[in-house]
Every structure is written in structure tokens, then in C-alpha cells.
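Report on the following structure.
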Amino acid sequence: MTDAGVRLLAAALAIGLGAIGPGLGIGMLGAKAMEALGRNPEAEPAIRGNLILAIAFAEAIAIYALVVALIIKFVA
Amino acid sequence: MGRTLLIVVVVLVMLVAGALIAPVRLPHIQLAAETVGHLGGIPITNTMIAGWISTLVVLAIFWLGTSNQALVPRGMQNFAEYITEFVLGLCESVAGIARGRQFFPLVATIFLFVITSNWMGLLPGYNTIVVRERVAATEATAGNAAAKPEATKPEAAKPEGTAASPKGEIEEIPLIRAASTDLNTTLAIALTSVIATQIFGLRALGGGYVSKFINFKGPIDFYVGLLELIAEVAKIISFTFRLFGNVFAGEVLLAVITFLVPWGAAIPFYGLELFVGFIQAFVFAILTLVFMTLATTAHEHGDAAHAHEAPHH
């Protein structure tokens, strides 16, 4: 395998594997938020604000993977 | 059943007709912003121009909205008041009335600039108006450097890109490109946000704020302080790359969809990008707000600052 090929594979693996965890996390957050909405529809603004915040924190992990992938692809 | 068949046929016809009549080439995807000109020795990139345009649009909306103020708002004034009240309500509900009003100018500025530049990046003209320039050797920036040594298949990846073009050829550079597709733009906003957070924290808590980071009460407190310091740096990184990654990926997505199905298929994705543009602006603003709220809240119990401590509505 060539050097550039290994680099492409590494970048793809970095973001691909790195997206699994945040994907699961965001899915769980969404499911729980829907559940909470079903229990208490009046709390919708509070749930939405906190949901977006929590999703942003989960998403940050995927962003670190994206950074690593971009570094592998373009810099290293 | 008949309608489904009709839709499938129409889509297939558009696919084929679009590909035959108006083929769209896969645009050259470049990470770094391209330089389109120089102003007194300072290189002007296409993302900078887009940033200036977004700034002017925000200024124009609020200038129109605040000149000729009426007691009963109409038109532009109504719009400006609606946006302002939306962001102000957000600030006050998260940070409380007094602190919310203190944080409001920065949070609102971030929100308005980011949402305007995200949405304006979807306008026709962005990425499609090009300037032709002679390629200098330095133009092959980081985006192409990786692909260059392997000259085996540049055609497949970049049909028309700069990677294959020899020195001295004419290159097409987009004149304007959405401001958030440049890491420098998002890094600037992230730094503004995080540094302002430190200033607000210092002003509100004084020495108590410093002791959150540098703490000799015990080994665990010292270690937690170190972690807090790292968390501040991680904030900058995640702010920067969240906005950049979402907007840049959206741009690439639209380009690829347009390449695959030239006619019509990109429209739903434009809707998606409108949504993403709003959500990213909202997330940037609300995270800034929450971090500022956390930084100005004194903790006695020595717990690390986390989102569950954010005051609720």
C-alpha cells in the first residue's frame, strides 16, 4: 500500500470510528428528550435548550475526530 | 402507484437530462481559503470578502431597523426588534436578568454574524463567481500538497483542480466563499468568545476565578485546576471546528449532490443547510452564554464546571 493510500485510510478510519460514539450519544440524548417531552410537554423550552447544549458537548468528540482526520489528510 | 412511477420517471429523466445537457463538474474542494487579491501587502482571501459582506448586511438590517423608529414597529424595525428580543430573551432566561443583559451584546453579535454568514454562503454567486488567475507555485496550498506527490490518479479525484495543472496555467478561484469555511474566521470568533469569558469571570469573581485553575489546596484540587485549564483550550478547539466542520461539510455536500444530480436534487439539501446554519449559530451563541454564566458563578463545592450546573429556565 502506498503512503498516500495509508493516509487516506487513516483519515477515513479516524472520522468513521470517531463518529460512532457521538452518534450513539446524540441518539440516546434525542431518545431521552423525546421521552421527557412525552411525560411533560409543558417543559419543552427547557428540554430543548438543554438538549441542544448536551448534543453540542457530545458532538465535540466527533469534532476532535474530524480534527485528527483533517490533520492526517492535509498536514501530517 | 401511478404517481410514484411518474415521480421516479421524472427524477430519472432529470438525472439523465441534467447530466447530458448541463453537466456539472465536481468542484475543486479546498480546505484553505484562496487569496484573491492584495490590499497594501495584506493578502485578501475570498472568505474575508464574504465576512465583510455579512458584516455589512447585519449593519444594514439594523441601521434600517433603527432609523425612523416608530412606537408601533413595522417592516424592518419589527424584524430587528424580533431578533433582538429573541436573543435577549435567551440571555435573560439562561443567565438571569442582570448578567443576561451584560452578556447580551457579545452573544447577539456572535449569533447574528454567524447566522448571516452561514445563510449568505448558500446564496447563488458564492463559490460560483470565479476570478481567473495565473497559478504561482505558492498557490498549491495545504489542500493539494498531500495529493501532489502521488501523481497516479489526480484526474479521478480532481477533474479540473490545481493539483494537475502545471505551473503558469490559468486557475479559477471563487471570488467569495462562506466566511465560516475558513478556520481563521471561526478561530477568531472562538477566541473572542473564550477570552471574553475569562474577562467576565475575572471581573465577577476576581481571585476566586483564578483559584479555579491554579489551586494548591490539595493534590486533587491542583489536578482539577489543570483539567479546567485544558478544558478552556478544548473549548477553543471545539468552538472552532464545530462551526468550521459543519459549514465546510455542508458546502462539500451541496457540491457533491449537484455533481451527482445536476437538476433539482440539491434543493432539499439547501433546506438542510439552512437548518444547520441556524443551529450552528444558535449553538455557538448559547454555548458562549452558558460558559460565561458558569465563569461568573462562584462554586463553593469545588466541583468541576459542567453543563448540569447551568441555571434552568
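In what follows, every heavy atom counts, from backbone to side chain, and hydrogens, waters and symmetry copies are set aside. Labels below follow one simple rule: chain letters A, B, ... track the order of the sequence lines, proteins then strands, and each chain is numbered from 1.
In this structure, chain A has heavy atoms under 4.5 Å from both the backbone and the side chain of B:Ala234.
In this structure, the side chains of B:Leu287 and A:Phe57 come closer than 4.5 Å at one or more pairs of heavy atoms. Counting heavy atoms from C-beta outward, A:Val67 and B:Phe244 have side chains that stay 4.5 Å or more apart.
B:Arg242 and A:Ala56 get closest at one heavy-atom pair: NH2-O, 2.9 Å.
Taking CD of A:Glu59 as the reference point, atom CZ of B:Phe241 lies at 13.5 Å (rounded to 0.5 Å). Atom CZ in B:Phe248 sits 7.5 Å away from atom CG in A:Leu70 (nearest 0.5 Å). Taking CG from B:Asn246 and CD1 from A:Ile63, the interatomic distance works out to 6.5 Å, rounded to the nearest 0.5 Å.
Heavy-atom contacts from other residues, nucleotides or ligands closer than 6.0 Å to CZ of B:Phe86 number more than 12.
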